[in-house]
Amino acid sequence: MRSLIFWAIFLYFILLIFLHSNIFTVENLINDEWVLNLRNVSYFGMILKIKELGYDYSLFQYAFESSILSCVLGILAYMTTKSIALSLVLVLISTFLLPYYHFLATESLYKYKIEQDLFLYVTSSLVYLREDTLTSLEIMMNCLSSLSSIVQTDLQKTLNFISSTSQFEEGLDMFEKKYCHSIVKNLHIILKAKYNEGALNLSLYEYLYDNVESYELLNSEFIKKSKANRSLFYFMILLEFLAIYLVVNVFGNSQFINLESTFFKMVIFIYYLLNIITVLFYEGWCRNHLQTE
């Protein structure tokens, strides 16, 4: 089993070198688009996308995680398939797709931070609006320090645009195009009204205040359910792996199941592949359904 894990990791890094070597020029890649696709989902492709989100995924972290994954999956696969070749293929596939899984999880975290930043931006603005001592532009400037770099950068761009063009409403519209959120739009309606009329519209303020309170309750409940569903999903995956292990060991000596048959080994192999694909689809679904609205 140690040799299995060693050769799996060795062959995988050979594959990485193969994909990112200078063997493939632009001319060669015209007929080899699959190589480009493999490059994009490999570690060196995913690390660029992860860095664009403001996070890092070091090679050491990847090697550590892939080693653990290779050991666990390699041992489990070999104990159920009794095939070094099939176990090796499963280890290679899972290790190769690990950076893509990490990217999906990171993007979900990125979107969650944006949600939190937008909520902080709105609630901070409501505090300043309640005091009613600052202009709309000053309120936005004061909110900058409480935000993280994700939303802070875009809000700074908005303020720079307003300062250079004196187009307040157009600047807020630019911000809303990227962050199409109801509480942000409602806040900007109040800020626009205050900017144009010079006074706070109390009815709009009270409406947004109640809306934000409801949103906070819904968002808190949504996060709890999401965490519970995520835990349940991975618990079910573990139960499935345990189930296939029990099937092999309990019914392995049955006259109805031949563990040495190629058909049975391929069934288990496909079963593992489907679980790997299911995990990736689930993470992708979580990423696309993270927002509460």
Side-chain angles (χ1 to χ4, degrees), residues 49-55 104 106-227 284-293:
K49 295 183 179 181
I50 292 174
K51 285 183 178 180
E52 289 177 359
L53 301 178
Y55 296 87
L104 292 176
T106 301
E107 193 169 24
S108 297
L109 179 60
Y110 172 80
K111 289 186 176 182
Y112 174 75
K113 287 192 66 176
I114 287 179
E115 284 273 308
Q116 296 301 306
D117 262 13
L118 291 177
F119 182 75
L120 183 59
Y121 167 57
V122 173
T123 53
S124 298
S125 298
L126 285 176
V127 172
Y128 291 121
L129 284 169
R130 183 174 56 194
E131 296 173 356
D132 201 17
T133 57
L134 302 175
T135 64
S136 296
L137 195 59
E138 289 172 338
I139 290 174
M140 295 173 64
M141 293 177 64
N142 286 354
C143 289
L144 276 176
S145 59
S146 60
L147 304 178
S148 67
S149 58
I150 300 172
V151 178
Q152 185 185 58
T153 301
D154 291 317
L155 185 59
Q156 185 63 64
K157 291 179 181 178
T158 300
L159 291 172
N160 293 340
F161 174 83
I162 295 173
S163 299
S164 59
T165 62
S166 299
Q167 297 178 347
F168 185 77
E169 295 189 8
E170 288 77 2
L172 296 188
D173 292 339
M174 287 173 51
F175 189 84
E176 291 175 16
K177 285 182 180 179
K178 184 170 183 180
Y179 303 107
C180 300
H181 209 293
S182 60
I183 59 174
V184 174
K185 291 181 179 180
N186 291 334
L187 171 65
H188 286 177
I189 291 174
I190 298 176
L191 292 177
K192 290 175 183 178
K194 182 176 176 62
Y195 181 83
N196 293 325
E197 300 170 7
L200 175 64
N201 190 316
L202 290 178
S203 60
L204 290 176
Y205 174 85
E206 291 175 357
Y207 171 79
L208 178 59
Y209 185 84
D210 294 336
N211 193 14
V212 168
E213 283 189 331
S214 300
Y215 170 81
E216 185 177 13
L217 293 175
L218 289 174
N219 190 52
S220 177
E221 187 67 22
F222 176 78
I223 291 174
K224 289 180 180 179
K225 288 183 178 180
S226 297
K227 290 182 178 179
W285 183 88
C286 290
R287 175 194 61 178
N288 296 327
H289 295 79
L290 185 64
Q291 295 181 343
T292 55
E293 56 174 47

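Here the structure is a predicted model, which means the values were calculated and not measured.
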| query | Where do Phe161 and Glu170 land on the side-chain contact (heavy atoms from CB on, under 4.5 Å) test, with the steps shown first? | reply | CA-CA 9 Å; Phe161 174 83; Glu170 288 77 2; 4.0 Å; yes
Find the distance between [atom1] ([X]) and [atom2] ([Y]) and round it off to the nearest 0.5 Å.
{"X": "Ile139", "Y": "Leu134", "atom1": "CD1", "atom2": "CG", "answer": "5.5 Å"}
{"X": "Leu120", "Y": "Ser125", "atom1": "CG", "atom2": "OG", "answer": "9.0 Å"}
{"X": "Lys111", "Y": "Cys286", "atom1": "NZ", "atom2": "SG", "answer": "11.0 Å"}
{"X": "Lys49", "Y": "Thr106", "atom1": "NZ", "atom2": "OG1", "answer": "12.5 Å"}
{"X": "Tyr215", "Y": "Leu208", "atom1": "OH", "atom2": "CG", "answer": "12.5 Å"}
{"X": "Ile190", "Y": "Leu126", "atom1": "CD1", "atom2": "CG", "answer": "6.5 Å"}

Where [X] and [Y] come nearest, the two heavy atoms and their spacing:
{"X": "Ile150", "Y": "Tyr179", "result": "O-OH, 3.6 Å"}
{"X": "Glu107", "Y": "Leu53", "result": "CA-CD1, 3.8 Å"}
{"X": "Val151", "Y": "Leu147", "result": "CG1-CD1, 4.1 Å"}

- request: Please lay out, stage by stage, how Met141 and Leu159 fare under the test side-chain contact (heavy atoms from CB on, under 4.5 Å).
  value: CA-CA 8 Å; Met141 293 177 64; Leu159 291 172; 3.8 Å; yes
Original post:
Where do Tyr128 and Cys143 land on the side-chain contact (heavy atoms from CB on, under 4.5 Å) test, with the steps shown first?
Top reply: CA-CA 9 Å; Tyr128 291 121; Cys143 289; 4.2 Å; yes
If we ignore hydrogens and angles and just use 3.5 Å, is the side chain of [X] paired with the main-chain N or O of [Y] as donor and acceptor?
{"X": "Asn211", "Y": "Tyr207", "result": "no"}
{"X": "Gln152", "Y": "Leu144", "result": "yes"}
{"X": "Glu138", "Y": "Thr135", "result": "yes"}
{"X": "Ser124", "Y": "Tyr121", "result": "no"}

Point to revise | Met174, CE atom: more than 12 neighbouring heavy atoms under 6.0 Å | key: yes
Using a cut-off of 6.0 Å, state whether more than 12 heavy atoms not belonging to Tyr209 lie near its atom OH. no
**Asked** Are His181 and Phe175 close enough that their ring centres sit under 6.0 Å apart?
**Response**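 No, ring centres 6.0 Å or more apart.
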What about Tyr110 and Tyr55, are their ring centers closer than 6.0 Å?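 When the ring centroids of Tyr110 and Tyr55 are compared, they turn out to be at least 6.0 Å apart.
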Under-4.0 Å salt bridge between Lys192 and Asp173:
yes
From the list Val184, Leu191, Ile189, side-chain contact (heavy atoms from CB on, under 4.5 Å) with Leu187 holds only for Leu191
Contacts of Lys185 meeting salt bridge (Lys or Arg N to Asp or Glu O under 4.0 Å) (sequence neighbours excluded), chain-then-number -> none
Residues passing the salt bridge (Lys or Arg N to Asp or Glu O under 4.0 Å) test with Lys157, sequence neighbours excluded, are none
(request) Take Ile162 and Gln167 through the side-chain contact (heavy atoms from CB on, under 4.5 Å) test and state the conclusion after the steps. (result) CA-CA 5 Å; Ile162 295 173; Gln167 297 178 347; over 6 Å; no
